[in-house]
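Quick notes on the structure that follows.
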Amino acid sequence: MSESLPLLRADCANCFALCCVALPFAKSHDFAVNKPAGTPCKNLQQDFRCGIHTRLRDQGFRGCTVFDCFGAGQQVSQVTFGGRDWRAHPETRGAMFDVFPVMRQLHELLFYIDQALGLPDAAPVHPGLRRLLSETQEWTRADAGALAALDVAALRGRINTLLLETSELVRAKVPGRRKNHRGADLMGARLSGANLRGANLRGAYLIAADLSRADLRTADLIGADLRDANLRGADLRGAVFLTQPQLNAAQGDQHTQLPTPLTHPTHWL
């Protein structure tokens, strides 16, 4: 990650537990209870810490262990609102909770742009990416009113155009025929040991798919749903636009090979 960028991973110690309050969740396999947006989770303590942090999966809050705000929480807490928390300053609640999802999208876009700028094969689009990086960084420093009015979808569309070009340039270096599974329904698919090197898996539904020992080097995984996908022994080195939350939602082991700077989730065996 570029030294000029804000930290693009959650720093909960410098956040006012925004993901535990601002976001809604529904009772499901991932959450033990229903919670509307803007309401603190029942497990949230007065010091903004989670009362069951070490037991989230055992207590039915698996979704919390998967989520990552890409650093948006601390940016909103410490920069947008200057360290004023929503408990001590209740007048900030509405604006703070509205801005948090916007900031998360901006930080996610920064992550993708930064990753693209680190790919030498994408050099032809680097100038455009650097311009959009600067613009997106400026938005992360905007005030709450400006952020609430921002058309994030339009900004994402402009960035995505260059991310698509990045993907094509990088994957074009892979020899042989490359599979195109963009947006495909591959839920539960048996792909153990499959050659998916350089494949287009953008937005693919890979929920509970068996990708054990699959070759996913240089595959484009932006937006792919990897919930409960079996990545044990899979090779993901050089995978394009893979994120930590995607890995957190999947299953893997010590033999799963990952691109830098992503790490093996603690729940992987």
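Just so you know, these numbers use all the heavy atoms, side chains as well, and skip hydrogens, waters and symmetry mates.
Other residues, nucleotides and ligands place more than 12 heavy atoms under 6.0 Å from the CZ atom of F25. Annotation for R57: atom CZ counts as buried by contact number, over 12 foreign heavy atoms lying within 6.0 Å. Open room surrounds NE2 on H53; 12 or fewer heavy atoms of other groups in view lie less than 6.0 Å from it.
Remark: the backbone N or O of A116 is paired with a side-chain donor or acceptor of H126 at under 3.5 angstrom. Judged by distance alone, the side chain of H181 and the main-chain N or O of A199 form no donor-acceptor pair under 3.5 Å. Checking side-chain atoms of D253 against main-chain N and O of G233 turns up a donor-acceptor pair under 3.5 Å. Looking at K35, its side chain never comes within 3.5 Å of a backbone N or O of K42 through a donor-acceptor pair. For the pair T80 (side chain) and A144 (backbone), a donor-acceptor distance under 3.5 Å is absent. Remark: side-chain polar atoms of W268 are not paired, donor with acceptor, to backbone N or O of R232 under 3.5 angstrom. Proximity of a side-chain donor or acceptor of N34 to a complementary backbone N or O of P36 within less than 3.5 Å is not detected. Although no hydrogens or angles enter the test, the distance criterion places no donor-acceptor pair under 3.5 Å between the side chain of T65 and the main chain of F61. Between the side chain of R93 and the main chain of G38, a donor-acceptor pair closer than 3.5 Å is present.
From T92, atom OG1 reaches atom CZ of R84 across 6.5 Å, with rounding to the nearest 0.5 Å. We find the CG-CG distance between L196 and D215 to be 8.0 Å, quoted to the nearest 0.5 Å. In this structure, CD on E165 lies 10.5 Å from CG on N160, to the nearest 0.5 angstrom. The distance from the CH2 atom of W139 to the CD atom of E135 is 8.0 Å, given to the nearest 0.5 Å. Rounding to the nearest 0.5 Å places CG of L18 at 9.5 Å from CD of Q74. Separating the SG atom in C69 from the CZ atom in R104 is a distance of 7.5 Å, to the nearest 0.5 Å.
Closest approach of I159 to T136, counting heavy atoms only: CD1-OG1, 3.7 Å. Taking every heavy atom of both residues into account, V102 and L147 meet most closely at CG1-O, 3.6 Å. Closest approach of L186 and A209 over heavy atoms only: O-CB, 3.6 Å. The minimum heavy-atom distance linking H107 with F70 is given by the pair ND1-O, 2.8 Å. For the pair S167 and D220, the tightest heavy-atom approach, listed with the atom from each and the gap, is OG-OD2, 2.7 Å. Taking each heavy atom of C64 and L56 in turn, the nearest pair found is CB-CD1, 4.0 Å.
Between D210 and R190, none of the side-chain N atoms (NZ, or NE/NH1/NH2) sits under 4.0 Å from a carboxylate O, so this pair counts as no salt bridge. Ion pairing between a basic and an acidic side chain is recognised when a charged N comes within 4.0 Å of a carboxylate O; D151 and R158 show no such pairing. Salt-bridge formation is not detected for the pair D85/R87: no Lys NZ or Arg NE/NH1/NH2 atom is positioned less than 4.0 Å from an Asp or Glu carboxylate oxygen.
The hydrophobic clustering, which links ILVMFWY residues whose side-chain heavy atoms are closer than 4.5 Å, places L129 and F241 together. Two different hydrophobic clusters hold L164 and V240 under the rule that ILVMFWY side chains link at heavy-atom gaps under 4.5 Å. Hydrophobic clustering, with ILVMFWY side chains joined whenever heavy atoms are under 4.5 angstrom apart, groups F111 together with V76. No continuous path of hydrophobic side-chain contacts links I207 to L191 [ILVMFWY only; heavy atoms under 4.5 Å]. In the hydrophobic clustering of ILVMFWY residues, with side-chain heavy atoms under 4.5 Å counting as a link, L221 and Y205 come out apart.
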**OP:** Show the numbers, then the answer: is there a side-chain contact (heavy atoms from CB on, under 4.5 Å) between R9 and T263?
**Re:** CA-CA 12 Å; R9 184 171 293 182; T263 60; 4.3 Å; yes
Original post:
Going through the distances and angles, do T140 and L110 end up as a side-chain contact (heavy atoms from CB on, under 4.5 Å)?
Top reply: CA-CA 10 Å; T140 67; L110 286 176; 3.9 Å; yes
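Between the side chains of N200 and R202, no donor N or O sits under 3.5 Å from an acceptor N or O. Side-chain polar atoms of T218 and R171 form no donor-acceptor pair below 3.5 angstrom.
Side-chain atoms of F48 and C20, non-hydrogen and from C-beta on, never get closer than 4.5 Å to each other. Within the 4.5 Å cutoff, no side-chain heavy atoms of R131 are placed close to those of L162. Looking at F67 and L23, their side chains come closer than 4.5 Å, going by heavy atoms from C-beta outward. Using a 4.5 Å heavy-atom threshold, the side chains of Q78 and F16 count as touching. Contact check for N14 versus S77: no side-chain heavy atoms found under the 4.5 Å cut-off. When side chains are defined from C-beta on, L236 counts as touching L247, because their heavy atoms get closer than 4.5 Å. The side-chain heavy atoms of Q254 and H264, taken from C-beta on, include no pair separated by under 4.5 Å.
Aromatic ring orientation, F97 versus W86: perpendicular (interplanar angle above 60°, classes split at 30° and 60°).
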